[in-house]
Trainee: 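I'd like to ask some things about the structure below.
The structure presented is a predicted model; accordingly, all values stated were derived computationally and were not measured. What you see below is based on every heavy atom in this structure, not just the backbone, and it leaves out hydrogens, waters and symmetry mates. All residue numbers refer to positions in the sequence shown, counting from 1.
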Amino acid sequence: MCGIAGVVDLRRPCSPEIVEAQLATLEHRGPDARGVYLRGPAAIGMARLSIIDLATGDPPVTNEDQSVGVALNGEIY
């Protein structure tokens with residue numbers, strides 16, 4: 001099952017380990033891939049269950065220059 005995690009810390013740049021720990025709590029749900037996107041004070045993570053598109057779409061989804069990252073679960077939020 002897919003899942004979304006994240007953190008915002010306005011005092012310092014975010015650490016990916018915080019979101020990785022959040023995503024690790026979803027392992028029992030069977031995700032196939034997971035990833036973290038960092039940008040300044042925010043980090044967002046996504047765990048993905050590959051049901052339809054097995055070859056592409058590893059989380060998190062980013063634009064061409066990776067200046068924007070999104071977490072989604074069937075839709076972009």
Side-chain angles (χ1 to χ4, degrees):
M1 183 175 282
C2 299
I4 298 171
V7 66
V8 174
D9 188 341
L10 299 177
R11 297 168 293 169
R12 60 184 153 266
C14 282
S15 169
E17 290 82 18
I18 295 170
V19 179
E20 285 288 347
Q22 293 172 341
L23 293 174
T25 65
L26 303 174
E27 283 297 314
H28 69 282
R29 295 166 66 181
D32 297 315
R34 70 181 191 200
V36 176
Y37 178 79
L38 288 161
R39 190 77 172 182
I44 192 165
M46 181 181 143
R48 173 178 172 242
L49 182 59
S50 302
I51 296 173
I52 298 172
D53 189 359
L54 302 176
T56 62
D58 282 340
V61 178
T62 61
N63 64 343
E64 295 82 7
D65 65 359
Q66 297 187 354
S67 62
V68 176
V70 295
L72 54 123
N73 188 8
E75 295 182 39
I76 296 176
Y77 297 101

Trainee: Kindly indicate whether the side chain of S67, heavy atoms from C-beta on, has any atom under 4.5 Å from the side chain of R39.
Mentor: yes
Trainee: At their closest point, which heavy atom of Q22 faces which heavy atom of A5, and how far apart are they?
Mentor: OE1-CB, 3.2 Å
Trainee: For C14 and L38, which heavy atoms make the closest approach, and how far apart are they?
Mentor: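 Taking C14 first and L38 second, the nearest heavy atoms are O-CD2, 3.6 Å.
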Trainee: Output all residues satisfying side-chain hydrogen bond (donor to acceptor under 3.5 Å, both in side chains) with T25, sequence neighbours left out; order by chain, then residue number.
Mentor: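 In terms of side-chain hydrogen bond (donor to acceptor under 3.5 Å, both in side chains), with neighbours along the sequence ignored, T25 is linked to no residue.
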Trainee: Considering non-hydrogen atoms only, spot the tightest contact between L23 and G3 and give its length.
Mentor: CD2-O, 4.5 Å
Trainee: Kindly write out the residues that satisfy side-chain hydrogen bond (donor to acceptor under 3.5 Å, both in side chains) with E17, not counting sequence neighbours, or none if the list is empty.
Mentor: S15
Trainee: Is there a donor-acceptor contact under 3.5 Å from the side chain of Y37 to the main chain of A42?
Mentor: no
Trainee: State, to 0.1 Å, how close I44 and V19 come at their nearest heavy-atom pair, and which atoms those are.
Mentor: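 Here I44 and V19 meet closest at C-CG1, 4.1 Å.
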Trainee: Using side-chain heavy atoms (C-beta onward) and a distance below 4.5 Å, is P41 in contact with L10?
Mentor: yes
